[in-house]
Visitor: 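Quick one: the structure is below, questions incoming.
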Amino acid sequence: MTLPSIASLLRPSQYFTVRGGVHPETRKNLSSESAIEDMPIPSLLRIPLQQHIGAEAEPMVKRDDHVLKGQLIGKARGPVSANIHAPTSGRVIAVGHFAAPHPSALPVPTITIRPDGEDTWGPRLPRLRPENATPEEIAAQVAEAGIVGMGGATFPAAVKLNLRARYDLHTLVINGAECEPYLTCDDRLMRERAEDIYDGIGIMARALGVRQIVVAIESNKPQAIAAMQQFDRALGIPSRVQVVPTQYPMGSEKHLVKTITGRETPARALTADLGVVVHNAGTAHAVHLAVRYGEPLISRVVTVSGRGVKRPANVRVLIGTPVAEVLEHCGGLVEDPDRLLLGGPMMGQPIQNRRVPVVKGTSGILALTAAETPDRDTMPCIRCGRCAQGCPVGLTPFELNARIQSGDLEGAVKIGLLDCLTCGCCSFACPSNIPLVQTIHYAKGKLAEEEGRRHQQEEAKRLAAARKAREEAAAEAKRQMMAKRKAEMAAKKKREAEAAARAASAETPPDQAPTSQPQTAQAESTRDGGATQ
Amino acid sequence: MIEAAASMSALGLGLGLLLGVAARRFHVETPPIIDEIDGILPGTNCGACGYPGCRGLAEAMAEGTAPVTACTPGGRDVALQLAEIVDPGGDGDAALSDMADEEPHVAFIFEDHCTGCMKCFKRCPTDAIIGANKQIHTVIVDACIGCDACVEVCPTEAIVIRAKPRTLKSWYWEKPQPKFGAGAEEYPA
């Protein structure tokens, strides 16, 4: 037996686990037994033009246009961007701004569609046969369908499928960990659509040119594991379903790769540097739909949960559906929630405005009652070190907090502020309820804003220099023009003088020369001068 | 004719030589600190500081007659860098104590009042105003430094300087203010 074959028998996940992490109550049972249901078409759809990381999409429709289901309404701009499609047929009633599904609720460019209720499909994308398609064709189809990472990071999937050009990739990891408490959308999708997801995985593996596939699922989802295991031999590439321990933040891509391969991704590097690409299970399903059926990404499965919701459920909603309507579909709220979150309870963002839309990255809508949210009475730090033990990237959150609170952002960067995932383990672990991750959020945002301002100052400098150069060039051109005109004037005068001299010499020998001759010569020379000018 | 051309050329050559010699002979050495300060200043010559352009401010600052906080479009960031050069070893923050971390400002044109006179368009140091003759002008927010130059020349007072609208890119969470926390002074002794 050769050494590599022995090594292949070892499953690193049995020996490696992530550093730190916490074990919050998962509370997935609230919604894990309700099958995915389709939500009826809402009365209004508000589709933001930026639902992904990268550049905002460019609107392709205007007010009063009639759009069909699946029609391109926002075109990707630049290399990292994503297309946006109409989720149903209807009339565009506004191309303007609306509150973003974000804690700030700042207005963002949004297309508002009033559905006509017909749900008429427009022309779909041409179907591909992935068995015969080249990797480039698959990636192009995924880009055309506007697919982004469905785990919540919303990075354009096609960009990640094109990584094979720059990295030597050997493993595709499918992230089915779903480590956030409450969320069950990936769990349900894997139970109900395992075959479709596996088809999507096969298509992505073909596009990436990887040699093996690992589907990673947390141990608290036995039905999903069983469902996915039914199909793991269906592909030509060796693939396996890997059970990973239930631990938050297992779904972080770098931690998942560490668990599966035993190799740690260097700070600020990509998992692709290790030859591993991670895609979400939901993304695989979207790829299946796009390639096999030519359907763009126009809906997603959202977990609606929390004790504040009457009927927790997993709902397939159209992109752009207002949060309030999704909640209503689930029986409405039993009581006024203490917090309304988009995403999971650990990393999700609170929202104030319930009319904001569901976007491609919305994995959950959680209405948490006061009993479910942590106590907010802050106590002094007792130096217990639980935040440092819980930190999955090995930082010291109490120290970061101290430096940030005293205004020393550079000092915080020195001890690894930028490596923080903002996973929230530190705040969860803190027995004094110190808002550690909230402070880090502030510091990261402030740093990014300062960076943006610095960039803008440099741009202003460049613009001013360009303007100065342009003005100088204009002045120079004017000077040259003046010089040219002067030279012409001089040449004209010279010709006149010569003509006069010629006339004078012609005049002297024959005495009877006509007096009008110099005048005509002068006239001719003037005409010449005019022509040269 | 030839005499005229020759005399003009000779005059030009002679005077040029004279200028060249004078430039060398009466050369004034500028302290390198002025160049250094000039390099940090935005270089837009917007005039918001009240000095004749960025160079003028740099000279005044090198002399010590202008405070390091004089450049308002540059903001706190530029002032901090300047404080390091002008007063090395000194506490940069002390000089800046009177300078709050100000919100960035940009110009805004009320379209109802704009006559399309092109005056602001010509005056803008960063080409942040777009428009044409008798067409309503508008400000490119990302290029505007909020220097006030256009406000002064607008004949219809259609331009105001206002806080830069926040976007998702520039928004961030407020700093949490826990009752107890990191600041040692908050602990009971």
Side-chain angles (χ1 to χ4, degrees), chain A residues 50 100 102-104 106-108 349 376-381 398-407 432-450 452-454 456-468 470 486 490 493-498 501, chain B residues 1-2 4-5 8-9 39-46 53-54 71 73-78 81 93 101-104 106 122-128 140-147 164-188:
Chain A
Q50 174 130 42
H102 184 264
S104 69
L106 284 168
V108 289
Q349 298 286 331
R376 266 172 260 175
D377 272 344
T378 311
M379 305 281 280
C381 174
F398 62 90
E399 201 181 353
L400 283 170
N401 181 53
R403 291 192 180 194
I404 296 163
Q405 285 291 352
S406 63
S432 292
N433 295 318
I434 297 173
L436 295 163
V437 75
Q438 290 83 344
T439 309
I440 290 171
H441 263 300
Y442 149 78
K444 281 188 139 184
K446 175 124 178 96
L447 277 177
E449 198 259 351
E450 274 173 12
R453 213 188 281 195
R454 216 169 356 247
Q456 212 205 327
Q457 255 164 24
E458 249 141 57
E459 277 297 281
K461 224 176 224 185
R462 195 183 58 75
L463 283 171
R467 183 185 166 91
K468 214 169 159 192
R470 198 185 64 218
K486 224 177 233 173
K493 271 197 188 130
K494 198 173 148 198
R495 264 201 307 279
E496 274 173 22
E498 272 171 12
Chain B
M1 174 58 215
I2 292 153
M8 284 307 283
S9 314
I40 291 170
L41 290 171
T44 48
N45 296 328
C46 67
C54 291
C71 180
R76 194 183 165 82
D77 201 47
V78 163
Q81 289 181 48
D93 285 332
D101 205 355
E102 224 179 88
E103 279 277 291
V106 288
K122 283 176 195 144
R123 187 70 188 76
C124 180
T126 54
D127 292 331
I140 305 171
V141 172
D142 285 334
C144 178
I145 54 168
C147 70
K164 189 173 181 177
R166 285 201 135 183
T167 60
L168 283 193
K169 281 207 175 81
S170 65
W171 185 90
Y172 56 88
W173 281 103
E174 292 280 304
K175 187 169 168 177
Q177 301 289 353
K179 247 191 308 175
F180 304 99
E185 70 282 358
E186 284 155 357
Y187 289 106

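Computed from a prediction, not measured in an experiment: that's the story for all the values here.
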Visitor: Contact part of B:Pro42 toward chain A, heavy-atom cut-off under 4.5 Å: side chain, backbone, both or neither?
Guide: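 The backbone, not the side chain.
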Visitor: Please state whether the side chain, the backbone, both or neither of B:Ile145 comes within less than 4.5 Å of a heavy atom of chain A.
Guide: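 For B:Ile145, side-chain heavy atoms alone lie under 4.5 Å from chain A.
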Visitor: Is B:Pro165 close to chain A through its backbone or its side chain, or both, or neither, when contacts mean heavy atoms under 4.5 Å?
Guide: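 When you check distances to chain A, no heavy atom of B:Pro165 falls under 4.5 Å.
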Visitor: Would you check if A:Gln50 and B:Leu168 make a side-chain contact, meaning some heavy-atom pair closer than 4.5 Å?
Guide: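 Contact flag for A:Gln50/B:Leu168 side chains = no.
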Visitor: Can you tell me how far apart NZ (A:Lys494) and CD1 (B:Ile2) are? Round to the nearest 0.5 Å.
Guide: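 It is 7.0 Å, given to the nearest 0.5 Å.
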Visitor: A:Lys461, A:Glu498, A:Glu449: which one forms the most heavy-atom pairs within less than 4.5 Å of chain B?
Guide: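 Ranked by heavy-atom pairs under 4.5 Å with chain B, first place is A:Lys461.
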Visitor: Select one option (side chain, backbone, both, neither) describing which atoms of A:Gln457 are under 4.5 Å from chain B's heavy atoms.
Guide: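 Contact with chain B: side chain only.
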Visitor: For B:Cys54, which atoms come within 4.5 Å of any heavy atom of chain A: side chain, backbone, both, or neither?
Guide: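 No part of B:Cys54 comes within 4.5 Å of chain A.
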Visitor: Under the 3.5 angstrom rule, does the side chain of A:Arg467 hit a backbone N or O of B:Thr44 as a donor-acceptor pair?
Guide: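 No, the answer is negative, given that no donor and acceptor are paired below the 3.5 Å cut-off.
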Visitor: Chain B heavy atoms under 4.5 Å from A:Arg462: which part of the residue, side chain, backbone, both or neither?
Guide: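 It is neither, since no heavy atom gets under 4.5 Å.
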Visitor: For the candidates A:Ala460, A:Ser104, A:Gly445, which exhibits the highest count of non-hydrogen atom pairs separated by less than 4.5 Å from chain B?
Guide: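 Highest number of heavy-atom pairs under 4.5 Å: A:Ser104.
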Visitor: Just so I understand: if I count every heavy-atom pair under 4.5 Å between each of A:Pro103, A:Ala448, A:Ala490, A:Ala466 and chain B, which residue has the most?
Guide: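 The candidate making the most pairs under 4.5 Å is A:Pro103.
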